[in-house]
Amino acid sequence: MAELKPFSVAVDDALLDDLKQRLGGVRWPGEPSDAGWQYGSNLAYMKQLVEYWRDEFNWRQQEAAINRFQHFITPISGEDDEPINIHFIREEGSGDNPMPLLLLHGWPGSIAEFLDVIESLAHPERFGGDVADAFTVIAPSLPGYGFSSAPSRPIGTKAMAGICSRLMTDALGFDRYVAQGGDWGSIIATRIGVNFPDRLKAIHLNMAPIRPYIGPDDQPISSEEENWIKAARKLRTQETAYQDIHATKSQTLAYGLTDSPIALAAWITEKFHGWTDPSAGAPLFTFDQLLTNIMIYWVTGSINTSMWLYRGLRDERGAALSEGEHVTQPLGFCLPPNDLVPPPPASWLKRIGN
C-alpha cells in the first residue's frame, strides 16, 4: 500500500491579505438593462457577494469545518507512470463493516460540495438512520483540482478513472467499494465501472452525460429518445460555450481567472445558478457555501489545471461508450431537472447500464 501522508488545510495569512486587497479594488463592468442572469453572472448579485467576501466571509471558520475530517495525500501513478499526489478526505464509517464509498466531484465543484453530507453518510445512526447503512467515505480532489497535484499535461476521464481506481484498491486496499459521481464525477465513475469492474460493487450518478454505444444490433432510437436528444442539443447551444473555451484555449482564460478573484467568482457562480434553478433571482446557496468552493480554487491556484480535463476528454474521445462497453454493476440515478444534461428517458439510461 502507498504511503498516506496526513494533511490539513492551512492557508498563509499573506495570501488572504492579498485577496482582501484585490477585493477592495474591483473594476466593475456594465450590464444590459433588465439583464437578470441571461447574459451571465448578475451584476447586483456579484456586488453583494464580493462585499460579503471582503467584509464578512470567515475563511478560517470554513477551513476549520474542512479540517474536522481526516485528510491525506498519497502518490498515485498516472499516465506513463507519472506520480500525482492525490488529496482526499477519509471518514471512517460506523459499525463493524462500513462499505467504502468513493465520492467524485466535477467542475466547478470541489470537496466543499460534500462537507454537509459526509457525516450522515458515515454515521447514519447519528441522524436517525441505521448503522448498518454506514459508509467509509473517501472524497478526493480530482487531479488538477484543489489540493491534489496536476498532471504535466491534460488527461481525460479514462486516465482519471484509473487514478481513482488505484486510489481505492492499491493505495487504500479496499476489496470492494461503491462510487457516486456528479458532473465529471459521473463520467469518471462510469469509466471505473466499465474499465475496472472487478472491485466496484455499484454506482450512483446525479448526471448522465456519457453516451451509450448504439450499433446495428441495438434497439433503434425511439421517438422519446429522439426528442430528448434534440432538447439536450438545444440546451448545449445555450450553456456549453465555456466547454469549448476550456477544451481549446483554456490557458488564455486562465490568466484572468487566476489573477482576478472577481473573474473567478463570476465564472463559477453563474454555473451554480444556472444548473440549479435558472428562474430564481439568485443561486440557491448561501454566500458561505459558494465562497468556500470558490476559495478552494483561489488559494490553490488550480482553476487553470481544473480546466484541462475538457481538453483531455476531447483528445481521448471519452464522452461515449464504445462497442461492447456497458455498465454491468447496479447503476442508479438522481437527475435534477435543471442540470447541464437534462434527464434522459429511462430507455436511454438502460443503454448505458444495469
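- In this structure Tyr45 satisfies the ring pair (Phe, Tyr, Trp, His ring centres under 6.0 Å) test together with Trp37, Phe287, sequence neighbours excluded.
- If you check the side chains of Asn293 and Ser110, you find a donor sitting under 3.5 Å from an acceptor.
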Tell me which donor-acceptor pairs under 3.5 Å the side chains of residues 220-230 have, and how far apart each pair is, sequence neighbours excluded?
residue : atom : partner : partner atom : Å
Ser222  : OG   : Glu225  : N            : 3.1
Ser222  : OG   : Glu225  : OE1          : 3.4
Glu225  : OE1  : Ser222  : N            : 3.0
Glu225  : OE1  : Arg351  : NH2          : 3.0
Glu225  : OE2  : Ser347  : OG           : 2.9
Glu225  : OE2  : Trp348  : N            : 3.3
Glu225  : OE2  : Arg351  : NE           : 3.0
Asn227  : ND2  : Ser223  : O            : 3.3
Trp228  : NE1  : Pro342  : O            : 3.0
Trp228  : NE1  : Pro343  : O            : 3.4

Donor-acceptor pairs are to be reported for all side-chain atoms of residues 192-210 against protein atoms at under 3.5 Å, with residues two or more places apart or in another chain.
residue : atom : partner : partner atom : Å
Arg199  : NH1  : Phe174  : O            : 3.3
His204  : ND1  : Gln180  : NE2          : 3.3
Asn206  : OD1  : Gln180  : NE2          : 2.7

Verdict with reasoning, Lys5 to Glu3, per salt bridge (Lys or Arg N to Asp or Glu O under 4.0 Å): CA-CA 6 Å; Lys5 181 181 178 181; Glu3 176 189 2; over 6 Å; no
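- Under the 3.5 Å distance criterion, with hydrogens and angles disregarded, a donor-acceptor pair is assigned to the side chains of Ser141 and His87.
- One side chain, Ser279 or Asp277, offers a donor N or O that lies under 3.5 Å from an acceptor on the other.
- Counting heavy atoms of neighbouring residues, nucleotides and ligands inside a 6.0 Å radius, atom CD of Glu56 exceeds 12 of them.
- Remark: Arg314 engages Asp244 in a salt bridge, criterion side-chain N to carboxylate O under 4.0 Å.
- Shown here is Gln70, whose CD atom has no more than 12 heavy atoms of other residues, nucleotides or ligands within 6.0 Å.
- The only option from Tyr310, Tyr145, Trp308 that meets the ring pair (Phe, Tyr, Trp, His ring centres under 6.0 Å) definition with Trp184 turns out to be Tyr310.
- Considering CG of Leu15 and CG of Leu19, their distance stands at 7.0 Å, rounded to 0.5 Å.
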